[in-house]
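Structure record follows, encoded as structure tokens.
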Amino acid sequence: EPEVTQTPSHQVTQMGQEVILRCVPISNHLYFYWYRQILGQKVEFLVSFYNNEISEKSEIFDDQFSVERPDGSNFTLKIRSTKLEDSAMYFCASRDLTTGGPEAFFGQGTRLTVV
Amino acid sequence: DAKTTQPPSMDCAEGRAANLPCNHSTISGNEYVYWYRQIHSQGPQYIIHGLKNNETNEMASLIITEDRKSSTLILPHATLRDTAVYYCIVSLTGANNLFFGTGTRLTVIP
């Protein structure tokens, strides 16, 4: 069964450093998403991406965040200058919405720890 | 923002049916009801969705009331591996994003 893959599974970074979280969505999907989940809290929407541009973003997704689809397979989330409060699980998701169903498929997440 | 209300926690005996309720009284006519679950800290997993008719798949059944203001997810024979947080989400189909609430923490007891 096709799946969304995320790397790395765990990343530790120093405050103020830039991090890039990587995702490989399911190959024929066209809609991509990033979510985050701070420990013990709910899953929060960050950004959605379609046709090489952001289609919607939340208040959390400020100027420190950016997304990119650098090639035909990867979808990345960059945090320019990490803060302690950026520590969370980050989930990538993709959806087909054309020939397939509307369900979103989530990766297993990257645990980001900012120290 | 989440437009659903779910009980924070429920227990279910292993092998019995787990019935998870969800209220979505402000649902609009073209919004679907989606159910996802999150086992421990894994990525959310799609379970089922529906508009107005009851739906069944290999994982669960979804019962939507006639006025569509509430629904129930049924896991017919709960196993220990079904212990998870279950999220009920209303959303337009299409590219609209999924907004997660706090969900129901289901604990399946041996």
Side-chain angles (χ1 to χ4, degrees), chain A residues 1-6 9-10 21 23 25-26 29-51 53-61 87-98 100-113, chain B residues 1-9 22 27-28 30-53 55-62 64 73 81 84-106:
Chain A
E1 182 174 307
E3 60 180 15
V4 175
T5 57
Q6 292 185 241
S9 57
H10 190 186
L21 309 183
C23 169
I26 295 173
H29 287 187
L30 300 176
Y31 296 84
F32 314 115
Y33 308 83
W34 282 101
Y35 288 79
R36 80 171 185 189
Q37 187 174 32
I38 296 170
L39 186 64
Q41 298 186 24
K42 64 182 183 180
V43 178
E44 300 175 289
F45 166 74
L46 291 179
V47 66
S48 58
F49 190 87
Y50 169 71
N51 200 26
E53 60 182 27
I54 290 173
S55 51
E56 188 173 350
K57 59 184 180 180
S58 72
E59 292 178 351
I60 303 168
F61 195 89
S87 294
M89 283 288 289
Y90 287 81
F91 295 108
C92 172
S94 69
R95 297 167 96 176
D96 184 349
L97 296 175
T98 52
E103 60 266 38
F105 292 84
F106 286 78
Q108 290 305 295
T110 293
R111 180 174 298 283
L112 177 65
T113 302
Chain B
D1 290 326
K3 298 190 290 185
T4 61
T5 303
Q6 299 177 252
S9 64
C22 179
I27 192 171
S28 63
N30 52 355
E31 285 184 312
Y32 283 70
V33 179
Y34 292 85
W35 283 84
Y36 284 75
R37 73 180 182 183
Q38 187 176 26
I39 297 173
H40 196 49
S41 294
Q42 298 177 23
Q45 177 191 22
Y46 166 81
I47 301 173
I48 199 167
H49 75 282
L51 182 62
K52 58 177 79 172
N53 297 323
E55 302 287 345
T56 295
N57 63 20
E58 65 278 4
M59 290 183 69
S61 295
L62 174 60
I64 303 174
L73 178 74
R81 288 174 294 182
V85 179
Y86 287 78
Y87 300 98
C88 169
I89 301 169
V90 296
S91 177
L92 296 169
T93 195
N96 289 80
N97 309 312
L98 301 169
F99 292 94
F100 290 80
T102 52
T104 295
R105 180 174 298 278
L106 175 70

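Just so it is clear, the values below take in all heavy atoms, side chains as well, and ignore hydrogens, waters and symmetry mates. First the proteins, then the strands, lettered A, B, ... as listed; each starts at 1.
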Which portion of A:Y50 sits near chain B, non-hydrogen atoms under 4.5 angstrom: neither
Part of A:Q6 lying under 4.5 Å from any heavy atom of chain B: neither
Distance in Å, A:Q108 CD paired with B:Q45 CD, rounded so as to fall on 0.5 Å steps: 9.0 Å
Gap separating the OH atom of B:Y46 from the CZ atom of A:F106, nearest 0.5 angstrom: 13.0 Å
Whether over 12 other heavy atoms sit under 6.0 Å from B:H40 NE2: no
Test side chain to side chain contact (heavy atoms under 4.5 Å, CB included) applied to A:V43 and B:Y87, step by step: CA-CA 10 Å; A:V43 178; B:Y87 300 98; 4.2 Å; yes
Any non-hydrogen side-chain atom of [X] less than 4.5 Å from a side-chain atom of [Y]?
{"X": "A:R111", "Y": "B:S41", "result": "yes"}
{"X": "B:Q42", "Y": "A:F91", "result": "no"}
{"X": "B:Y34", "Y": "A:E103", "result": "no"}

Intermediate values then yes/no, side chain to side chain contact (heavy atoms under 4.5 Å, CB included), A:Y33 and B:N97: CA-CA 8 Å; A:Y33 308 83; B:N97 309 312; 2.9 Å; yes
Ring centres under 6.0 angstrom apart (B:F100, A:Y35): yes
